[in-house]
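For reference, the structure is listed below as structure tokens.
Just so it is clear: chains get the letters A, B, ... in the order the sequence lines come, proteins before strands, and each one is counted from 1.
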Amino acid sequence: MRAFRSLAWLFAKLALRDPTSVFFSLALAPALVVLFGLAFRDAPVALQNGIGAMDHQLPAIAAWVFAMTGLFTVPITVLTRRETGTLRRLQATPLRPATYLAADVLVQLTQALAGLGLLFAVGVIGFGARPTGAPVSILAAALLGALAFLALGYSLAAVLPSSRSTLIVGNLLAVPMLFLSGATAPLEVMPQGVRDVAAFNPLLHAVTLLRGAWNGEPCSSLVIEVAAVVALFVAAALVAVARFRWEV
Amino acid sequence: MRSAASVERLSKRYGSVRAVEDVSFTIETGEVFGIVGPNGAGKTTILECIEGLRRPDEGRVRVLGLDPWCERYALRERIGVQLQTAALPERIRVGEAVTLFADLYRRRGDPEAALRRVGLADRRGAAVAHLSGGQRQRLFIALALVHEPEVVFLDELTTGLDPQGRRDAWDLVRDIRERGATVVLTTHFMEEAERLCDRVAIFDLGRVVALDTVGRLIASLGEERRVAFTHIGALDDAAVRALPGVVRVERLGDRVVVSVRGAGTAGRVTTALEETGVAFDDLRVERPTLEDVFLARTGARLPGADAPEA
Ligand SMILES: Nc1ncnc2c1ncn2[C@@H]1O[C@H](COP(=O)(O)OP(=O)(O)OP(=O)(O)O)[C@@H](O)[C@H]1O
Ligand SMILES: [Mg+2]
């Protein structure tokens, strides 16, 4: 337990010292909200189903930030530590892989949720977003989405050979994920074939889940989304723990 | 006295490279055990097999009565490791690193004391990335010592240290030994092995080619002495070679090295040289060192010549 606390505390301090990590986790998402808010300032208040443009887009931006954390930040952090020999040095101590992972996950998760808080604050205070869902369900949906994509990040770190390859694989995954998430272009206007493929996109389900929670949709209408995000979490976490490696 | 570690018939391959082959030895509790050998001899590999960081292909290893692979967590509580190459997380500071490592062990040592032992107490707040190479090395030694381990493994402890830093590191090793811990170290400096180690294993091409106390290893070369001098006038090598007790005559430019054997031979050769009327300068009689044993046992292959692949 002392090892876990010490490691988590250290990782938190190191994350705050790293300008890239601070930018991607805390600054980027609120900046996107500002850009979106300014661009749609004059758009009609209600878009679809009587939901405002900001209330429609805010949860999508949040899910997108989780996906970026999982596809880039996490694997690059872990693989850099593996490539430099940092993990190897830790391996020569009694530290268990699970303890290391738990401490790192806790810090990444806190960071992701802090970024989310900022993003929602900017949306609500600056651009009149109004969540109608219960705070508890919004938090639960956010936690689930963040955990699933973090787990995806650790599973990528476990299977990919180098930090260079994570850039390639991350981009290869990020582009279709984003395109087929409904966050950029509405899926309703796409052909049936594309929509069938999109059904396997975890980001689409995370977006729908967060959006539903934010806008007060009943849980019963989000069962598929919850199942999909939980499935991603379980599968990725299993791979991450089973294939964890200290050395290159 | 129970031995601190034992290795029996250990082999380790990387693909087709036979890094360690059929190696056996025992490390006694409380001794400083040295492993020397040319680059690629397998020193790091055998050390990592003993530390439980690598799984041997064949053979049996016991450290403090434990199997380093199957009982690795129990073992790692009790050993301290300085790896040949290692790193720490980016942006970490010196004090944070020792504190973290202290916290990783059940027996939490004193991080401050560990920093003082390696002379880094006043660099506590410095970023590890900003340390000099030698300071970094000392930090990694502190990380290996912070939990007061029973066996300490130091892989190339003094590589990158300046002469003073090297001497400090030697004092540190003596200090670890005095506190009752066992030390296993690898080095490329024969002088270091000679000064520090109770016993030395010479590795070559993945095998132990010699293992004994430093004194006995040197004695194994026979009663050889070397008479070295710079000659000024003409010198007839054949005449020197014909002197009684002379084994070999080697030349390096003006410098002549005469290897002699037998009690009192060195003195007689010197006198005989004076009688031949050859003018010489800078005469020295040298005892063989561990370096000579090393060169004799490892066949003194050309530097840079790679170990043949299996
Ligand atoms: N991870 C690895 N993968 C493949 N081959 C390796 C690996 N580590 C070492 N080797 C090979 O095994 C042999 C022994 O290497 P090792 O690092 O044990 O030598 P060493 O005696 O420590 O050398 P040095 O003095 O240069 O540190 C070398 O031929 C090396 O190329
Ligand atoms: Mg080595």
Side-chain angles (χ1 to χ4, degrees), chain A residues 1-25 73-108 111 157 162-163 244-248, chain B residues 44 47-48 50-55 66 68-69 71-93 95-109 111 127-129 136 139-147 149 151-155:
Chain A
M1 201 56 204
R2 171 151 44 78
F4 173 77
R5 261 188 283 124
S6 188
L7 206 54
W9 176 236
L10 176 73
F11 284 163
K13 284 192 286 185
L14 297 183
L16 287 177
R17 263 177 226 163
D18 178 358
T20 336
S21 140
V22 169
F23 172 76
F24 278 104
S25 63
T73 315
V74 170
I76 288 173
T77 309
V78 177
L79 277 154
T80 307
R81 285 184 187 149
R82 193 158 83 204
E83 283 165 0
T84 54
T86 302
L87 293 189
R88 196 119 211 292
R89 183 59 194 86
L90 290 173
Q91 186 196 8
T93 73
L95 177 66
R96 261 73 162 175
T99 310
Y100 167 82
L101 280 173
D104 205 24
V105 169
L106 177 68
V107 173
Q108 299 275 6
Q111 223 176 335
S162 68
S163 54
F244 181 84
R245 281 175 295 152
W246 292 108
E247 53 181 314
V248 189
Chain B
T44 298
L47 221 50
E48 290 180 348
I50 303 174
E51 294 157 355
L53 295 177
R54 281 190 198 286
R55 183 180 200 162
L66 300 168
W69 187 258
E71 298 165 289
R72 72 194 83 150
Y73 295 115
L75 180 62
R76 283 173 196 163
E77 294 280 358
R78 298 168 63 187
I79 62 172
V81 173
Q82 187 235 170
L83 300 169
Q84 188 176 349
T85 47
L88 289 167
E90 274 182 278
R91 295 183 182 78
I92 194 171
R93 300 195 179 125
E96 290 169 342
V98 262
T99 306
L100 171 70
F101 275 71
D103 283 334
L104 296 181
Y105 293 89
R106 218 171 293 146
R107 172 161 75 197
R108 190 183 194 278
V128 172
R136 243 177 86 83
L139 173 60
F140 278 104
I141 298 173
L143 299 183
L145 298 182
V146 67
H147 56 295
V151 187
V152 182
F153 296 89
L154 304 166
D155 198 354

Handout entry: B:Phe153 portion near chain A, given a 4.5 angstrom heavy-atom threshold
Key = neither
Problem - Choice from A:Arg81, A:Lys13, A:Arg5 maximising heavy atom contacts with chain B below 4.5 Å - result: A:Lys13
Exercise for the section: Measure B:Arg106 against the heavy atoms of chain A and call it side chain, backbone, both or neither at under 4.5 Å. Expected result: backbone
Completion exercise
Minimal heavy-atom distance between A:Leu95 and B:Tyr73, with the atoms involved, is O-CE2, 3.8 Å
Fill in the blank from the handout: So CD of A:Glu247 and CD of B:Glu48: to nearest 0.5 Å the spacing works out to 7.5 Å
Fill in the blank from the handout: To the nearest 0.5 Å, atom CG of B:Asp103 lies from atom CG of A:Leu7 at 9.5 Å
Problem - Contact class of B:Leu143 relative to chain A, heavy atoms under 4.5 angstrom - result: both
Handout entry: Contacting region of B:Glu77 [heavy-atom separation from chain A under 4.5 Å]
Key = both
Exercise for the section: Drop me the distance from B:Leu104's CG to A:Tyr100's OH, to the nearest 0.5 angstrom. Expected result: 12.0 Å
Practice task
Give the member of A:Thr84, A:Thr80, A:Thr93 that has the highest number of heavy-atom pairs under 4.5 Å with chain B.
Solution key: A:Thr93
Practice task
Among the options B:Glu51, B:His147, B:Arg108, B:Arg72, pick out the one with the most heavy-atom pairs lying under 4.5 Å from chain A.
Solution key: B:Arg108
Problem - Greatest number of heavy atom pairs closer than 4.5 Å to chain A - which of B:Pro89, B:Gly80, B:Ala74, B:Ala86 - result: B:Pro89
Problem - chain A contact via B:Leu83 - which portion, at a heavy-atom distance below 4.5 Å - result: side chain
Problem - Heavy atoms of other groups near A:Trp9 CH2, more than 12 under 6.0 Å - result: no
Problem - From OG1 (A:Thr86) to CD (B:Glu90), nearest 0.5 Å - result: 8.0 Å
Practice task
Compare every heavy atom of A:Gln91 with every heavy atom of B:Arg76, then report the nearest pair and how far apart it is.
Solution key: NH1-O, 3.0 Å
Practice task
Could you tell me which non-hydrogen atom of B:Tyr105 sits nearest to which non-hydrogen atom of A:Arg2, and how far apart they are?
Solution key: O-NH1, 3.2 Å
Problem - Heavy atoms of other groups near A:Arg245 CZ, more than 12 under 6.0 Å - result: yes
Fill in the blank from the handout: Closest non-hydrogen contact found for A:Ser6 with B:Thr99 is OG-O, 4.4 Å
Exercise for the section: Please answer whether the main-chain N or O of B:Thr85 pairs with a side-chain N or O of A:Arg89 as donor and acceptor at a distance below 3.5 Å. Expected result: no
Problem - Heavy-atom proximity to chain A below 4.5 Å, by part of B:Arg54 - result: side chain
Fill in the blank from the handout: Most contact-rich option vs chain A, by heavy-atom pairs under 4.5 angstrom, among B:Arg91, B:Gln82, B:Glu96, is B:Arg91
Handout entry: A:Phe244, CZ: over 12 other non-hydrogen atoms inside 6.0 angstrom
Key = yes
Handout entry: Atom pair CG/CG of B:Leu88 and A:Leu14 - distance to nearest 0.5 Å
Key = 10.0 Å
